[in-house]
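Remarks on the structure that follows.
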Amino acid sequence: MRIALALLLMLLNSTEGQASERELACFPPRIVLEGPLARQTVVIAELEGTSARKDVTTAATLAVKDGHIARLDEDRVILPVGDGVTELLITTQDGRRLTVPIVVQNLTKTEPWSFMRHVIPVLSRTGCNMGSCHGAAAGKNGFRLSLRGYDPETDLAVLSRQVLGRRVNKTSPEESLLLLKPTGVLKHGGGVRFTSESLEYRVISEWIAEGMPRPRPDEPVLTGIEVMPSRILSQTGETQQLVVQATYSDGKVEDVTRWARYSSTDETVAKVEESGQVRVEGQGEASLTVWFSGRVQTALVTVPSSSQAKPSVFAEAARWNPIDEINLRKLSSLAIPPSPTCGDEVFLRRAYLDCTGSLPSTEKVEAFLSDRATDKRARLIEEVLRSPEYLDYWTYKWSDLFLVSSKSLAPEAMWSFSRAIRQAVADNVAWDDFARRVVTAKGSTLKDGFANYFVLHKDPIDLTESSSMAFLGMSLTCARCHNHPMEKWTQDQYYGMANLFSRVAMRDGVEKGEVIV
């Protein structure tokens, strides 16, 4: 019993030592509060490498060195008090200390709430302009806002001009429908979205009281957002708070953690609450998407398996090509032991299905299984890649991707496109060169089969969306009408890309089925 107890104490001391040795970090590492409306959420975390390993914010003691410059509110958000420089003093439960500089400036500068920078984010954060509410194509109950605030000029007119201005009351902001409905004073199909004591209520009511100022032509615009920590290494049951900062064209940085929207690509691994707090649900890896005013950033959550795989398992695993190295690094980070090498019959079946779309013949199976040579798998791969079945199968696959069809093309043009694809597969053309040949094709569609790509998609809009799917493997369709809600692509970027294809011109050729691109 004494030996077992001693071993347990040694293990506990070792674990505590590892935790205390982890570097302590504050997000953000420097706090700048500019103007009377500034505020900053802070997160304290232990680091393991470049990843946040444990959130110790709630357990740590926070204090501002000079209370005449900044203070902590009841939620431990840092607020400005007076211009100057001070420090945030952080003490963890195990006695570790960390100091973070705080700079407060322009506190006396008059700064009203901005419709673009504050009101629109509040409407987005509370769901008012989402597709399920007033951001729907038809709106709700006669009230329609642009989806996620992508058209603020129209939104301002809808709020201040429509319904005889009843949605806002400049003389008595508290009587505005824009406040009475989301607070539940009047019946509201969307339910209560915020309270009269909340910051959201203050932003909208004070903006109305200030006369609902329009966006200025010289008003700074959002240039990007940053999510901190961007990498999280955690365990099931643990939590980690995110901090989101927005940067504007004048260099100003604002804390928008409260007004950002969050989602997870895999909620069986990690869920993220409206406040930005991440809760780890299971093992694996998930990407967290953070959206604010049309800008998107991500954070990666990694939750290693509890399999206790030994490092030697990864070091000794078979490596047949560079892709195995990449796979093994990822498996090692997730502590997932690699699968053993498959048997000959499984390998043979997979090779044929992947490369030719068909199963091997009985004779091929018997010959392969009876072969005792150590290089038989490598020889099989080369044999399959040189087979006419491989050429047929992948010509079909690429033709399907590019929508080659006699329903859309004249027979002569269809065969010209198909032959061009088949020759590219036969020549083992690299993917980047393949793509370049298609998008730069010109001249006769019967002489350069790839030029038929532009005949299939005549409209610049169709070309933009088809090209993004065929060559990049992603959809840009949402950005046709508004900034993409789940990606970084904006509507301006969408039409900037479409403009490239608008320069493509076509005319009929002299031969049957011929078009000159």
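One is the number of the first residue; the rest follow in order along the sequence.
- Between the His134 side chain and the Phe143 main chain, a donor and an acceptor come within less than 3.5 Å of each other.
- The CD1 atom of Ile225 sits 9.0 Å away from atom CZ of Arg295, with the distance rounded to the nearest 0.5 Å.
- Residues satisfying the side chain to side chain contact (heavy atoms under 4.5 Å, CB included) test with Pro220, not counting sequence neighbours, are Arg117, Arg216, Tyr248, Ser249, Asp250.
- Under the 4.5 Å side-chain criterion, counting only non-hydrogen atoms from C-beta, Lys271 is in contact with Glu281.
- The number of heavy-atom neighbours closer than 6.0 Å to CH2 of Trp320, taken from other residues, nucleotides and ligands shown, is 12 or below.
- Looking at Asp55 and Val43, their side chains come closer than 4.5 Å, going by heavy atoms from C-beta outward.
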- Decide side-chain contact (heavy atoms from CB on, under 4.5 Å) for Leu179 and Ile204; before the verdict, give the C-alpha distance in whole Å, the side-chain angles of both, and the deciding distance to 0.1 Å. CA-CA 8 Å; Leu179 292 172; Ile204 294 178; 3.7 Å; yes
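- No hydrogens or angles considered: a donor-acceptor pair under 3.5 Å links the side chains of Thr302 and Glu285.
- At a cut-off of 3.5 Å, with distance as the only test, no side-chain donor of Glu174 or Tyr201 sits close to an acceptor on the other residue.
- Looking at every heavy atom in both residues, Thr236 comes nearest to Val303 through N-CG1, 4.0 Å.
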- For side-chain contact (heavy atoms from CB on, under 4.5 Å), just list the numbers for Glu226 and Thr247, CA-CA rounded to whole Å, side-chain angles, deciding distance to a tenth of an Å, and then say yes or no. CA-CA 8 Å; Glu226 182 181 7; Thr247 302; over 6 Å; no
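- Taking the side chain as every heavy atom from C-beta outward, Leu288 and Thr298 never approach each other to under 4.5 Å.
- Defined by atom type and a distance below 3.5 Å, a donor-acceptor pair is present between the side-chain atoms of Glu34 and Asn106.
- Between Ser176 and Arg167 the shortest heavy-atom distance is CB-O, 3.4 Å.
- When atom types are taken as modelled, the side chain of Arg39 and the backbone of Asp255 share no donor-acceptor pair closer than 3.5 angstrom.
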- Checking ring-ring contact (aromatic ring centres under 6.0 Å, His included) for the pair Phe115/Trp207: CA distance, chi angles, key distance, verdict? CA-CA 8 Å; Phe115 184 70; Trp207 172 72; 5.2 Å; yes
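- One distance of note links CD of Gln240 with CG of Leu242; it measures 7.0 Å at 0.5 Å rounding.
- Using a 4.0 Å cut-off between charged nitrogen and carboxylate oxygen, Glu219 and Lys252 do not count as a salt-bridge pair.
- Within 6.0 Å of the CG atom in Leu472, the count of heavy atoms belonging to other residues, nucleotides or ligands exceeds 12.
- Side-chain contact, Gln297 with Trp291: no donor N or O sits under 3.5 Å from an acceptor N or O.
- No more than 12 heavy atoms of other residues, nucleotides or ligands lie within 6.0 Å of CE in Met116, so this atom counts as exposed by the packing criterion.
- Gln40 and Gln245 share a donor-acceptor pair across their side chains, judged by distance under 3.5 Å alone.
- Residues Ser275 and Arg258 are not in side-chain contact: their nearest non-hydrogen atoms beyond the backbone lie 4.5 Å or more apart.
- Scanning both residues, Arg76 and Ala60, for their nearest heavy atoms gives NH1-O, 2.8 Å.
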- Message: Evaluate Arg350 against Glu345 for salt bridge (charged side-chain N to carboxylate O under 4.0 Å, His left out), listing each step before the verdict.
- Response: CA-CA 9 Å; Arg350 289 176 180 173; Glu345 66 282 0; over 6 Å; no
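- No donor-acceptor pair under 3.5 Å is formed between the side chain of Ser51 and the backbone N or O of Ile232.
- Residues Pro229 and Phe27 approach most closely at CB-CZ, 3.8 Å, considering heavy atoms.
- The one candidate from Asp266, Val278, Val272 that meets the side-chain contact (heavy atoms from CB on, under 4.5 Å) condition with Val301 is Val278.
- Between the OH atom of Tyr494 and the OG atom of Ser468 there is a distance of 8.0 Å, given to the nearest 0.5 Å.
- Side chain of Asn129 to backbone of Gly135: no donor-acceptor contact under 3.5 angstrom is found.
- Remark: Ile31 CD1 to Ile102 CD1 distance equals 4.5 Å, nearest 0.5 Å.
- In this structure, Cys133 SG and Leu145 CG are separated by 8.5 Å, a value rounded to the nearest 0.5 Å.
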- After noting the C-alpha distance and the side-chain angles of Val280 and Thr239, does the key distance pass the side-chain contact (heavy atoms from CB on, under 4.5 Å) rule? CA-CA 6 Å; Val280 177; Thr239 60; over 6 Å; no
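- Atom CD of Glu274 is surrounded by 12 or fewer heavy atoms from other residues, nucleotides or ligands within 6.0 Å.
- At a threshold of 4.0 Å, the pair Glu197-Arg202 does not count as salt-bridged, since none of the basic side-chain nitrogens sits closer than that to a carboxylate oxygen.
- Closest non-hydrogen pair, Pro182 versus His188, comes out as CA-ND1, 3.9 Å.
- A donor-acceptor contact shorter than 3.5 Å links the side chain of Ser264 to the backbone of Ala270.
- Between Leu334 and Lys330, some side-chain heavy-atom pair lies under the 4.5 Å cut-off.
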- Query: Run the side-chain contact (heavy atoms from CB on, under 4.5 Å) check on Val32 and Val253 step by step: do they pass?
  - Reply: CA-CA 8 Å; Val32 178; Val253 177; over 6 Å; no
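- Judged by distance alone, with hydrogens and angles left aside, the side-chain atoms of Arg319 form a donor-acceptor pair with the main-chain N or O of Ala317 at under 3.5 Å.
- Listed by first then second residue, pairs satisfying salt bridge (Lys or Arg N to Asp or Glu O under 4.0 Å) with a partner in residues 230-249 read Arg53-Glu238, not counting sequence neighbours.
- At least one donor-acceptor pair under 3.5 Å links the side chain of Asp155 to the backbone N or O of Ser146.
- Proximity of a side-chain donor or acceptor of Thr86 to a complementary backbone N or O of Asp66 within less than 3.5 Å is detected.
- Contact of the Leu88 side chain with the Val42 side chain is registered, since non-hydrogen atoms from C-beta on lie closer than 4.5 Å.
- Aromatic ring orientation, Trp398 versus Trp394: tilted (interplanar angle from 30° to 60°).
- Shortest non-hydrogen contact noted between Thr195 and Thr183 is C-CG2, 4.1 Å.
- Counting only distance, with no hydrogens or angles, the side chain of Arg22 and the backbone of Glu48 share no donor-acceptor pair below 3.5 Å.
- In the displayed structure, Asn141 atom CG is contacted under 6.0 Å by at most 12 heavy atoms of other residues, nucleotides or ligands.
- To the nearest 0.5 Å, the span separating CG on Leu37 from NE2 on His118 amounts to 6.0 Å.
- Counting only heavy atoms from C-beta outward, the side chains of Thr99 and Ile90 never approach each other to under 4.5 Å.
- A salt bridge links Glu465 with Arg480; the closest basic N to acidic carboxylate O contact falls under 4.0 Å.
- Without hydrogens or angle criteria, Ser332 side chain to Leu328 main chain gives no donor-acceptor distance under 3.5 Å.
- Side-chain contact check for Leu72 versus Ile78: some heavy-atom pair is nearer than 4.5 Å.
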